[in-house]
Amino acid sequence: MLSLKYLQENKEEAIKALSIKNFDATQIIDQVIELDEKRKSTQAKLDNTQAEMNSLSKEIGMLFKSGKADEANAAKAKTGELKESISELNTEMTDAISQLNDLLLKIPNIPHPTVPAGKGEEENVIERTEGEMPNLYEGAIPHWELAKKYNIIDFELGNKITGAGFPLYRGKGAIFQRALINFFLDENRKAGYEEVIPPLMVNEASGYGTGQLPDKDGQMYHATEDNLYLIPTAEVPVTNIYRDVILKAEDFPIKNTAYSACFRREAGSYGKDVRGLNRLHQFDKVEIVQLQHPDKSYEALDTMVAHVESIIKKLELPYRLLRLCGGDTSFTAALTFDFEVFSAAQDKWLEVSSVSNFESYQANRLKLRFKEKNEKKTQLAHTLNGSALALPRMVAALLENNQCAEGIRIPKALIPYTGFDMID
RNA sequence: GGAGAGAUGGCAGAGUGGUCGAAUGCGGUAGUCUUGAAAACUAUUGUGCGGCAACGUACCGGGGGUUCGAAUCCCUCUCUCUCCGCCA
């Protein structure tokens with residue numbers, strides 16, 4: 001969430017910026033400011049009353065000690081009224097704070113000045129398009145047919161075992177999957193990211209920390225008996241490593257990478273977009289996460305984009321880089337770049353990576369702070385993350401683009417990982 | 001699943017109703033000494049909120065209660081550990 005201080009000091013700027021995300025903040029910011037005024041004045045009253053109570057209690061203690069029971073009892077009589085007003089003020093306080101918090105959670109992150117206006121994905125800005133479009137041979141087919149033809153991904157078996165959206169990879173398909181994961185992790189590690197293997201289930205506090213809760217409640221699988229959530233992305237457990245942590249400025253940058261299976265209910269999606277590997281309930285993804293000093297987070301974002309780009313290039317896929325417009329930028333992000341690869345047989349661009357700077361929006365919820373050397377005051381850190389990369393659509397594009405009469409060619413960079421150069 | 005023990009500052013660990021935001025040790029930071037380092041010594045060292053500041057206030061796993069006063073007593077929830085059972 002945004003910090004109160006920012007909203008108070010930059011109200012007009014915030015309203016203007018949020019309109020890029022098609023969010024009208026005029027009323028809500030006024031409400032926030034008003035509520036905070038109320039909170040402050042209530043706290044001042046409460047603090048004073050409590051101070052009075054504390055000193056009175058101390059006095060009573062002293063009186064009893066020195067044997068002046070009469071005076072002590074007289075003083076006791078005075079405490080009743082104080083007690084009552086303390087409890088009243090306390091209720092007022094907690095109410096104001098929780099209302100304030102609820103409002104703050106409803107305000108999306110301020111978009112970066114370079115975020116273009118726009119309603120939805122049609123208005124994202126194409127930064128660049130690179131790579132060679134494949135020349136498909138005549139018999140080219142979409143990946144779900146390739147999957148069947150070479151017996152590498154079995155959607156029907158997944159249906160049988162679990163349900164739609166839980167495919168079973170087998171044979172060279174399974175090896176190919178594992179090879180990609182290892183390839184991505186190695187690339188990330190070479191770029192300075194420390195590898196972690198996080199839990200695949202998280203508790204409520206972690207869900208709130210990265211903002212999946214309360215708003216995206218229905219998107220996560222929930223094990224109600226134990227009140228745990230299956231992670232929709234490794235971002236959740238990895239970022240929560242740093243929940244309630246106070247770092248030193250010299251600790252930056254902190255860079256982690258993690259492979260995980262990801263689980264998404266995808267409630268409400270249907271139709272031809274969900275065909276094959278395009279949208280699944282369980283999929284594999286390798287994530288990169290960075291924590292950075294606020295002064296350097298955009299520099300870091302650039303390096304993350306360049307890093308993801310280098311991986312896609314090594315796999316020889318045609319891709320384009322999009323700068324998301326306000327309407328397509330997520331609630332919590334300040335600036336997001338998407339990578340899409342071209343999947344030839346579907347004749348379609350597929351999103352394979354989303355790289356975002358959240359600035360201090362997540363950090364504020366996470367209470368992830370840092371201290372400058374020789375300074376007492378804490379500041380909020382900046383968090384960034386990106387997919388490097390999400391498997392299924394990469395697999396779809398690789399299968400479709402590299403098919404030929406003999407089978408499916410494996411890109412050079414992957415052969416050391418697969419141990420074979422052709423799926424046939 | 002059964003039985004028991006516990007949750008205190010970065011860590012270890014005292015504190016069982018009143019000058020306790022909390023002893024002590026370790027760690028961190030600054031300094032003295034030293035050519036430098038180590039050792040030793042000295043000082044300092046939690047977070048949030050309000051306040052220009054002085055300072056005030058809250059926080060000893062979470063919530064509630066008793067009391068003039070709670071880290072300390074009571075209730076409740078959560079979590080952790082140990083033993084037994086089961087088990088990759």
Side-chain angles (χ1 to χ4, degrees), chain A residues 1-9 32-101 103-104 197 199-209 213-214 222-229 237 240-252 254 261 291 360 363-381:
Chain A
M1 57 190 183
L2 294 170
S3 82
L4 201 54
K5 206 172 166 204
Y6 169 82
L7 289 173
Q8 284 163 338
E9 289 169 4
V32 162
I33 292 172
E34 204 176 302
L35 258 173
D36 188 52
E37 291 300 324
K38 195 187 159 205
R39 195 213 94 232
K40 271 190 205 169
S41 67
T42 311
Q43 189 183 341
K45 276 188 241 165
L46 179 62
D47 280 0
N48 286 334
T49 318
Q50 280 184 148
E52 212 177 314
M53 187 67 152
N54 286 345
S55 71
L56 198 55
S57 292
K58 235 170 228 177
E59 224 173 278
I60 292 171
M62 302 285 247
L63 287 171
F64 271 123
K65 240 181 208 168
S66 54
K68 297 176 185 165
D70 304 352
E71 285 180 50
N73 284 322
K76 258 199 207 180
K78 281 197 273 181
T79 59
E81 209 177 306
L82 286 174
K83 225 179 169 178
E84 202 170 305
S85 63
I86 284 174
S87 103
E88 268 171 38
L89 288 166
N90 241 326
T91 321
E92 253 180 73
M93 247 322 245
T94 44
D95 282 357
I97 289 172
S98 80
Q99 280 176 44
L100 195 55
N101 214 30
L103 285 180
L104 284 173
I197 300 179
L200 301 183
M201 296 181 106
V202 295
N203 57 27
E204 241 181 345
S206 294
Y208 277 97
L213 293 174
H222 186 193
T224 50
E225 183 130 13
D226 299 291
N227 200 23
L228 296 173
Y229 294 85
N240 271 285
I241 295 172
Y242 306 99
R243 169 155 49 87
D244 286 318
V245 165
I246 300 176
L247 299 161
K248 296 188 203 122
E250 58 266 34
D251 293 336
F252 293 127
I254 288 179
L291 311 187
S360 60
N364 199 17
R365 270 207 212 185
L366 288 163
K367 296 209 187 67
L368 162 54
R369 294 160 291 174
F370 73 97
K371 270 188 203 171
E372 214 71 70
K373 209 176 166 70
N374 298 325
E375 273 185 38
K376 253 198 108 171
K377 191 83 189 127
T378 60
Q379 300 179 54
L380 292 170

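This structure is a prediction, so every number in the text was calculated from the model and none was measured. To find a chain, count down the sequence lines: A is the first, B the second, and so on, and within it residues start at 1. Hydrogens, waters and symmetry mates are skipped; everything else that's a heavy atom, side chains included, is used.
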For A:Ala44 and A:Ile60, find the nucleotide of RNA chain B closest to each by heavy atoms; which residue's nucleotide sits nearer the 5' end?
A:Ala44
Side chains of A:Leu2 and A:Asn364: closer than 4.5 Å at any heavy-atom pair?
no
In this structure, NZ of A:Lys377 is separated from CZ of A:Arg369 (nearest 0.5 Å) by 9.0 Å
Whom does B:rG61 pair with, Watson-Crick or G-U wobble, provided both distances fall under 3.5 Å?
B:rC77
Selection from B:rG48, B:rG69, B:rG56 that lies nearest to any side-chain heavy atom of A:Met53:
B:rG69
4.5 Å side-chain heavy-atom contact, A:Ile60 and A:Thr79
yes
With sugar-phosphate meaning primed atoms plus P, OP1 and OP2, does A:Leu82 contact a base, only sugar-phosphate, or nothing at under 4.0 Å between heavy atoms?
nothing
Checking contacts here: which listed nucleotide (B:rG50, B:rC68, B:rU47) is nearest the side-chain heavy atoms of A:Arg39?
B:rG50
Given that both distances must come in under 3.5 Å, which nucleotide forms a Watson-Crick or G-U wobble pair with B:rU34?
none
Of all the choices, B:rC68, B:rG48, B:rG46, which nucleotide is nearest to the side chain of A:Lys371 once you look at every atom?
B:rG46
Does the distance from a Lys or Arg side-chain N to an Asp or Glu carboxylate O, for A:Asp251 and A:Lys248, drop under 4.0 Å?
no
dist A:Leu82:CG -> A:Asn48:CG (nearest 0.5 Å) comes out at 11.5 Å
Partner lookup for B:rG69, please. Criteria are Watson-Crick or G-U wobble with both distances under 3.5 angstrom; report none if nothing qualifies.
none
Looking only at side-chain atoms of A:Gln43, point me to the closest of B:rG56, B:rC49, B:rG48.
B:rC49
Paired nucleotide for B:rC83 [Watson-Crick or G-U wobble; both distances under 3.5 Å]:
B:rG2
Of the candidate nucleotides B:rG50, B:rC68, B:rG46, which contains the atom at the shortest distance from the side chain of A:Lys40?
B:rG50
The nucleotide from B:rU57, B:rC49, B:rC68 with an atom nearest the side chain of A:Lys377 is B:rC49
Start at the 5' end of RNA chain B and walk down; is the nucleotide closest to A:Asp36 or to A:Ser57 reached first?
A:Ser57
Find the distance A:Leu46:CG to B:rG48:C1' and express it as a whole number of Å.
14 Å
G-U wobble or Watson-Crick pairing nucleotide for B:rC49 (cut-off 3.5 Å, both distances):
B:rG56
Write down the partner of B:rC20 under the Watson-Crick or G-U wobble criteria, each distance required to be under 3.5 Å.
none
For B:rU29, the Watson-Crick or wobble counterpart (both distances under 3.5 Å):
B:rA43
Closest to the A:Lys83 side chain, choosing from B:rU67, B:rU47, B:rA58:
B:rU67
Atom CG of A:Asn48 and atom C1' of B:rC49: how far apart are they, to the nearest Å?
14 Å
